[in-house]
Each structure stands twice: as C-alpha cells, then as structure tokens.
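One structure below.
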Amino acid sequence: MADPKGFLTTGREVATSRPVEERVKDWNEVYVPGSLLPIISKQAGRCMDCGIPFCHNGCPLGNLIPEWNDYAYREDWTAASERLHATNNFPEFTGRLCPAPCESACVLAINQPAVTIKNVEVSIIDKAWDSGDVTPQPPERLSGKTVAVIGSGPAGLAAAQQLTRAGHTVVVYERADRIGGLLRYGIPEFKMEKSHINRRIEQMRAEGTKFRTETEIGRDITAQTLRKRYDAVVIAAGATISRDLPVPGRELKGIHFAMEYLPLSNKVQEGDLTVSPITAEGKHVVVIGGGDTGADCVGTAHRQGAASVTQLEIMPKPGAERATHQPWPTFPMLYKVTSAHEEGGERIYSVSTTHFEGDEDGNVQSLHLIEVEFKDGKLEQKAGTERVLPAQLVTLAMGFTGTDQENGLVEQFGLDLDQRGNIARDADFATNVPGVYVAGDAGRGQSLIVWAIAEGRSAAAGVDRHLTGASDLPAPIRPTDRALMA
C-alpha cells in the first residue's frame with residue numbers, strides 16, 4: 001500500500017486553476033501547468049489499498065487504481081504508467097474529461113473527501129509522455145485480417161488500437177476533417193487541448209492503424225462496399241442526434257444545438273476559421289440543459305465575450321451532499337461547480353421553456369420560461385411563475401437521442417435497433433449482421449467517456465474472437481452492464 005497513515009494525515013488537495021480573469025481571455029486548459037506534481041505523491045498516499053477496492057466497481061474500465069496510486073506515491077512513474085495503461089488506452093482523455101465515478105465509489109469517501117484519483121491519473125500520464133514512457137506498440141506479426149472502424153471517438157479509437165495491437169489491419173473512418181469525434185469537435189479546448197489527441201493519433205499511426213477522414217459511411221462509401229472490403233466492421237459512430245425543443249419560436253435565428261455551436265469554436269482554435277460564425281460576443285446567452293455539454297457552452301460563451309450567460313435546468317437543484325436514496329458507492333447527483341461556472345453566469349433550476357420571441361428580422365430576442373415541479377411522478381407548471389429572459393443566442397444542450405440514421409448507415413447495413421433506438425447487439429457486441437459489431441454510444445446510448453473506452457476494448461475482444469477463434473484481449477464490460485446506481 002502507499003502511505004499507511006496517508007488518509008489520516010493528509011487532506012484532499014486538487015489541481016490549482018488559473019485565475020478567472022486570466023483564463024477567460026484564452027482557450028488554454030484552465031489548470032496551472034505543473035501544479036499537480038508537487039502535491040500528487042502525497043495525494044496518492046491517501047489511498048488505503050482497500051481489501052475490496054470499490055473504485056474498481058465505480059470505473060467500468062476496471063482501472064487498477066490502488067496499484068498505480070502506490071507507484072505514484074513512491075514516484076515510480078514508469079511502473080505507474082504501465083499499470084495505468086494496462087486497463088485504459090487513453091488516460092490523458094479520462095484524466096481530464098471523466099466525472100470520476102471511481103471517486104464516488106472510493107471507500108475513503110464514506111466519511112471523508114475521496115482520493116483525488118482523477119488528478120493522480122492525469123499526473124501519471126502527463127509524466128509518462130514527458131519522460132518518453134509512452135511509445136508505439138506495434139504487433140509482432142500480422143493476422144492477415146482486416147477491420148474497418150466507423151467513428152474516431154473514444155470507443156472507435158480504443159477498438160482500433162486494441163485490434164491493431166492484436167495484429168489485424170485496421171482502418172478508422174471519420175466523417176469530419178480531423179480524427180477525434182466529439183473529443184475533437186465537442187470538447188472545448190479549455191477542457192482538453194487537442195495536442196493530447198494529436199500525439200495519441202501519432203502513436204496509433206506508428207503502430208499501424210490507418211485513418212481516413214472526410215469519409216462518411218452510408219454516403220461516401222456504402223455499407224455493402226465496406227463489408228466486401230473488410231473481414232469485420234466496428235460501428236462506433238456515437239449518439240449524435242441532439243434532443244430538440246419543439247416550442248413556439250424554435251425556428252428563430254440564433255437558436256442552435258450545442259453541437260452546432262461548440263465545434264465552430266474548436267475550428268477557430270485549429271486555425272480553420274478566424275472567428276466563429278456563431279458567436280456570443282456582446283449577446284445575452286441562454287443555455288438550455290444543465291449537464292456537462294451545457295457547461296461547455298457556458299465556458300465558450302464567456303471566452304467569446306457574452307454580455308450575460310444563463311443556464312437553465314428542468315430538474316431541481318441537486319444537493320451538496322449525498323441524498324439518502326443515493327448511498328455510497330453509487331454515483332450521486334450532486335451540485336457541481338465546473339470551471340465554466342466559476343467564470344460567471346447564472347444557473348436556474350426547475351424551469352421549463354414555454355416559447356421564444358424574436359424581432360422583425362426573425363432573430364431570437366427573448367426566452368419565456370416557467371417554474372415546474374414534480375408531483376406524483378409528473379412534471380407540472382407552477383402558475384404565476386412566468387419569467388422572460390433576454391436572449392440573442394440560445395444553445396440547446398439537452399442530450400442526445402441516438403445514432404444518425406439519415407446518412408443511411410443503419411439502413412444499408414440492415415441493423416436491428418433496440419427499444420431505445422440504439423443499435424442492438426449480443427453479449428459479444430455483435431449486431432444481427434454477421435461480422436458487424438457496435439461499440440460506444442451507438443449501442444449504449446449517451447454515456448461517459450470511460451464507458452466508451454471500455455466498450456471499445458470489449459468490442460475489440462469480440463471481433464478478435466470472430467476473426468481468430470479466440471482472443472487474449474481484455475473485455476472489461478458486457479453490453480448489458482450499467483453504472484452503479486441506487
């Protein structure tokens with residue numbers, strides 16, 4: 001174990017954020033570079049190396065958290081990196097983007113602040129990159145089998161890397177102009193700088209994975225052509241259909257899905273655009289949706305110079321402590337202040353948008369809302385609580401409803417869907433079409449990055465068995481597994 005008395009003698013300490021007035025003027029990551037290394041070994045020493053480490057249950061990847069905490073405490077960064085990569089292909093992504101269900105399941109969190117597992121993770125991987133411990137791992141021999149992966153988000157990349165290392169020839173198809181999926185064009189730069197994606201892609205290229213951008217399966221290449229060309233196909237196209245808000249005034253200009261708004265600011269950071277065609281500069285901005293995507297819109301609006309930013313959530317405001325019906329080690333719904341919320345703006349809970357109003361040119365100018373409450377399991381409006389908010393830019397960040405079907409991918413493959421509209425699969429992640437597998441949000445529905453990577457790893461094991469008759473690749477989850485909930 002790490003420090004036997006660490007959890008008694010050391011308090012929880014997290015990464016230091018840059019001052020708000022500084023960071024809203026740029027798009028760099030919000031944390032002070034290098035601020036973790038002076039403290040992280042002691043923080044890793046708070047891990048108790050529990051007899052039953054429930055952090056394993058909280059994390060679908062089954063990360064060996066007590067092991068790499070021990071190595072980090074001893075500052076054996078090479079061994080820590082090896083243990084970290086044993087279960088996670090991309091810890092630099094999860095260490096920055098995952099909401100850390102492992103910390104909610106930390107045994108120490110029963111009556112104390114949890115171990116800073118996420119901070120330890122990102123410290124290990126950043127140190128590994130800096131010291132050259134992350135190197136390409138090409139296969140010793142090729143199998144002669146070929147695999148196409150559709151989609152280059154975390155699920156697709158994880159499946160591709162695992163299958164390449166197993167000796168198969170893998171080609172990743174991405175409809176956007178750059179690799180990364182929502183990691184590239186859904187996550188703002190201030191949450192994860194895209195250099196982290198770029199160097200991981202270079203590692204994968206060196207291992208033998210091939211990438212094809214600006215190629216949409218169903219439009220640019222038919223499903224039938226793909227099946228003839230490859231021995232197996234992994235569909236990791238995500239759940240990219242945004243949930244809409246069908247209320248009067250929705251057609252007004254200035255109302256956009258979050259995934260219409262956020263990628264443009266990333267395009268600016270990539271150098272493709274000078275300014276975003278959809279900007280919050282000088283505007284009153286309303287973000288509808290209280291989740292992480294909504295917070296990304298809030299932080300983006302701050303950096304674009306919004307006059308005001310208001311975030312709306314239909315659910316009640318969560319509490320600061322665990323509710324009794326969400327006991328440890330489940331992942332609780334807690335009031336969360338992200339870096340974007342630290343930067344300003346107002347958050348309004350238990351409200352529903354009734355309609356929008358615009359000017360004579362069809363531009364949105366205001367949003368009408370009303371307070372709501374749940375009674376007997378039903379959402380009811382509270383009379384007399386109507387309000388009007390100024391709004392010249394509205395972003396809809398209410399989640400996603402399923403994978404894209406307009407491009408013909410689902411129809412051309414002849415895929416069965418489950419009751420939720422996701423692509424159906426069996427215990428091996430195989431669809432109803434022989435040789436075609438599905439991983440990530442396309443099969444699970446909207447979920448977390450750790451579940452996407454776990455799905456990619458597990459689907460890769462299924463594909464490897466299909467191609468060779470057996471597989472040594474790890475499969476951390478089953479398609480039916482779900483987060484630990486009360």
Side-chain angles (χ1 to χ4, degrees), residues 59-64 81-94 125 128 134-174 179-181 183 197 199-212 230-238 425 427-431 435-444 447 449-479 481:
C59 178
L61 284 166
N63 282 334
L64 307 173
S81 174
E82 187 278 325
R83 290 287 78 196
L84 187 56
H85 280 100
T87 57
N88 187 352
N89 297 71
F90 315 118
E92 65 270 39
F93 303 165
T94 53
I125 184 56
V134 183
T135 58
Q137 299 178 36
E140 293 182 0
R141 61 182 64 85
L142 295 178
S143 68
K145 302 293 185 179
T146 57
V147 183
V149 176
I150 303 173
S152 67
L157 292 179
Q161 187 167 62
Q162 293 294 95
L163 289 166
T164 297
R165 290 175 174 179
H168 308 304
T169 299
V170 181
V171 180
V172 178
Y173 290 90
E174 169 56 54
I179 295 297
L183 293 172
I197 304 175
R199 63 186 179 186
R200 192 58 85 166
I201 296 305
E202 289 308 307
Q203 181 205 32
M204 293 179 65
R205 282 199 172 101
E207 292 171 350
T209 305
K210 297 174 173 56
F211 296 94
R212 302 285 185 269
Y230 295 93
D231 296 308
V233 176
V234 178
I235 299 173
R425 65 267 183 94
D428 232 15
F429 292 81
T431 70
V436 179
Y437 292 72
V438 63
D441 291 0
R444 174 170 293 270
S447 191
I449 184 173
V450 279
W451 284 95
I453 296 173
E455 288 239 345
R457 290 170 66 88
S458 297
V463 173
D464 193 33
R465 277 191 295 273
H466 166 71
L467 295 176
T468 65
S471 180
D472 292 327
L473 294 178
I477 61 170
R478 299 164 297 183
D481 288 343

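Just so you know, residue 1 is the first one in the sequence shown, and it goes up from there.
Among residues two or more places apart in sequence or in another chain, the salt bridge (Lys or Arg N to Asp or Glu O under 4.0 Å) test is passed with E82 by none. In this structure S458 satisfies the side chain to side chain donor-acceptor pair (under 3.5 Å) test with no other residue, sequence neighbours excluded. When the salt bridge (Lys or Arg N to Asp or Glu O under 4.0 Å) test is applied to R457, no partner is found at least two apart in sequence or on another chain.
Note that CG of L157 is 5.0 Å distant from CZ of F90, once rounded to the nearest 0.5 Å. Between the CG atom in L183 and the CD1 atom in I197 there is a gap of 5.0 Å [rounded to 0.5 Å]. Here the CG atom belonging to L473 is positioned 6.5 Å from the CG atom belonging to L163, to the nearest 0.5 angstrom. Residue T146 holds its OG1 atom at 10.5 Å from NZ of K210, rounded to the nearest 0.5 Å. For the atom pair CZ (R212) and CD1 (I179), the distance works out to 10.0 Å, reported to the nearest 0.5 Å. One finds the CG atom of L61 at 8.0 Å from the CG atom of N89 (value rounded to the nearest 0.5 Å).
At a threshold of 4.5 Å between non-hydrogen side-chain atoms, the residues V172 and F211 count as touching. Between V170 and M204 there is no side-chain heavy-atom pair separated by less than 4.5 Å. Proximity of F429 to V234: side-chain heavy atoms (C-beta onward) are nowhere separated by under 4.5 Å.
The salt bridge (charged side-chain N to carboxylate O under 4.0 Å, His left out) analysis of residues 134-158, with sequence neighbours excluded, yields no pairs. The ring-ring contact (aromatic ring centres under 6.0 Å, His included) analysis of residues 452-477, with sequence neighbours excluded, yields the pairs Y437-H466. Pairs engaging residues 156-168 under the salt bridge (charged side-chain N to carboxylate O under 4.0 Å, His left out) rule: R165-E207 [sequence neighbours left out].
E202 has a carboxylate O that lies under 4.0 Å from a charged side-chain N of R205, or vice versa, which qualifies the two as a salt bridge.
Residues P474 and Q162 share a closest heavy-atom pair of CD-NE2, 3.7 Å. The heavy-atom pair separating A206 from P136 by the smallest distance is CB-CG, 3.5 Å. Between G144 and D231, the shortest heavy-atom distance links the atoms O-OD2, 4.1 Å. When every heavy atom of I125 is checked against every heavy atom of H85, the shortest pair comes out as CD1-CE1, 3.4 Å. For the residue pair I453 and P154, the shortest heavy atom distance occurs at CG1-CB, 3.9 Å. Nearest heavy-atom pair, P479 versus R444, reported as atom, atom and distance to 0.1 Å: O-NH2, 3.5 Å.
Side chain of T164 to main chain of G208: no donor-acceptor pair is present (N/O by atom type, distance under 3.5 Å, no hydrogens or angles). The backbone N or O of S152 lies less than 3.5 Å from a partner atom in the side chain of E174, making a donor-acceptor pair. With E455 contributing its side chain and A439 its backbone, the two residues share no donor-acceptor pair below 3.5 Å. No side-chain donor-acceptor contact under 3.5 Å links S447 to the backbone of D441.
Evaluated for a side chain to side chain contact (heavy atoms under 4.5 Å, CB included) with H168, the options V463, D464, T209 yield exactly one hit, D464.
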Discussion item. Set out, in order, the CA-CA distance, both residues' side-chain angles and the distance that settles side chain to side chain contact (heavy atoms under 4.5 Å, CB included) for D481 and W451, then state yes or no.
Written reply: CA-CA 10 Å; D481 288 343; W451 284 95; 4.1 Å; yes
